[in-house]
Amino acid sequence: MERRISIYLTNLGKYVEGCLVGEWVKLPVDKDKLQDVLDRIGINEQYEEYFISDYETLFANLHISEYSSISELNQLAVKIDELADCDYEKLGAVLESESCMTIAGILEIIEELDSFDLLTEVDNDETLGEYYAEVGCIFLGIPYSISRYFDFEAYGRDIRLELNCCFTSYGLVIDNR
């Protein structure tokens, strides 16, 4: 799975003059490769400034501003690359459940990923109720013919309201912080 963050670096001076001169950069990028890109887009003594005019990432709530720090973005990209697949999905769910976050905030979330649970098979109140009924063994010893009258949706809704959780496209994410 492609986990990279890609940014489009644009020469600010050329942009102001009406020319779009830039290049896509996949992160993380080392200093030498970054310098090569800056050289190719004409960052020099005459044109000293650049900005991020576009970006691509799989995380919907990861917003990168025009002047985001490439150093911070590199650090974030390294941390994302190091995540196990299950933690990568968990991060996606957490970011989807949160409002727009700073890069520093996302780095903090990555350090706290163990404080979150992701139930990938739970996508609504009814499946949440069924999951907790099964895990809690609340029907142990009760015949199936009786248990099918149980309102799993209402039970799941009550659990959701008690927990700090949110449904996402990845499943249910529970914030245990």
Taking G22's backbone N and O only, do any of them form a donor-acceptor pair with Y8's side chain (distance below 3.5 Å, no angle check)?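 Yes; judged by distance alone, with no hydrogens or angles, the pair exists.
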
For S169, is there any backbone N or O sitting under 3.5 Å from a side-chain donor or acceptor partner on E96?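 A pair under 3.5 Å: yes.
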
If you look at every heavy atom in [X] and [Y], which pair is closest and at what distance?
{"X": "Y131", "Y": "V122", "result": "CB-CG2, 4.0 Å"}
{"X": "I80", "Y": "Y88", "result": "CG2-CE1, 3.6 Å"}
{"X": "S53", "Y": "T10", "result": "OG-OG1, 2.5 Å"}
{"X": "I7", "Y": "I52", "result": "CB-CG2, 3.9 Å"}
{"X": "K90", "Y": "F116", "result": "NZ-O, 3.0 Å"}
{"X": "D81", "Y": "P28", "result": "OD2-CD, 3.4 Å"}

Rounded to the nearest 0.5 Å, what separates atom [atom1] in [X] from atom [atom2] in [Y]?
{"X": "H63", "Y": "S68", "atom1": "NE2", "atom2": "OG", "value": "11.5 Å"}
{"X": "L95", "Y": "I106", "atom1": "CG", "atom2": "CD1", "value": "5.0 Å"}
{"X": "Y55", "Y": "L27", "atom1": "OH", "atom2": "CG", "value": "13.0 Å"}

Using distance alone, with no hydrogens and no angle criterion, decide if N124 and T127 have a side-chain donor and acceptor under 3.5 Å apart.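 Indeed, the side chains of N124 and T127 share at least one donor-acceptor pair under 3.5 Å.
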
With sequence neighbours excluded, residues passing side-chain contact (heavy atoms from CB on, under 4.5 Å) with Q35: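 With neighbours one apart ignored, the set is L38, D39.
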
If the condition is side-chain contact (heavy atoms from CB on, under 4.5 Å), which residues does F150 pass it with, not counting sequence neighbours?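 Residues passing side-chain contact (heavy atoms from CB on, under 4.5 Å) with F150: I138, F139, F152, Y155.
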
Summary of salt bridge (charged side-chain N to carboxylate O under 4.0 Å, His left out) pairs that have at least one residue in residues 155-175, sequence neighbours excluded: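 Only D125-R160, D175-R177 qualify under salt bridge (charged side-chain N to carboxylate O under 4.0 Å, His left out).
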
Heavy-atom distance under 4.5 Å between the side chains of I43 and V37, does that happen here?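 The answer is no; the side chains never approach within 4.5 Å.
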
Under a 4.5 Å cut-off applied to non-hydrogen side-chain atoms, are L163 and L172 in contact?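 No, every pair of side-chain atoms sits at 4.5 Å or beyond.
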
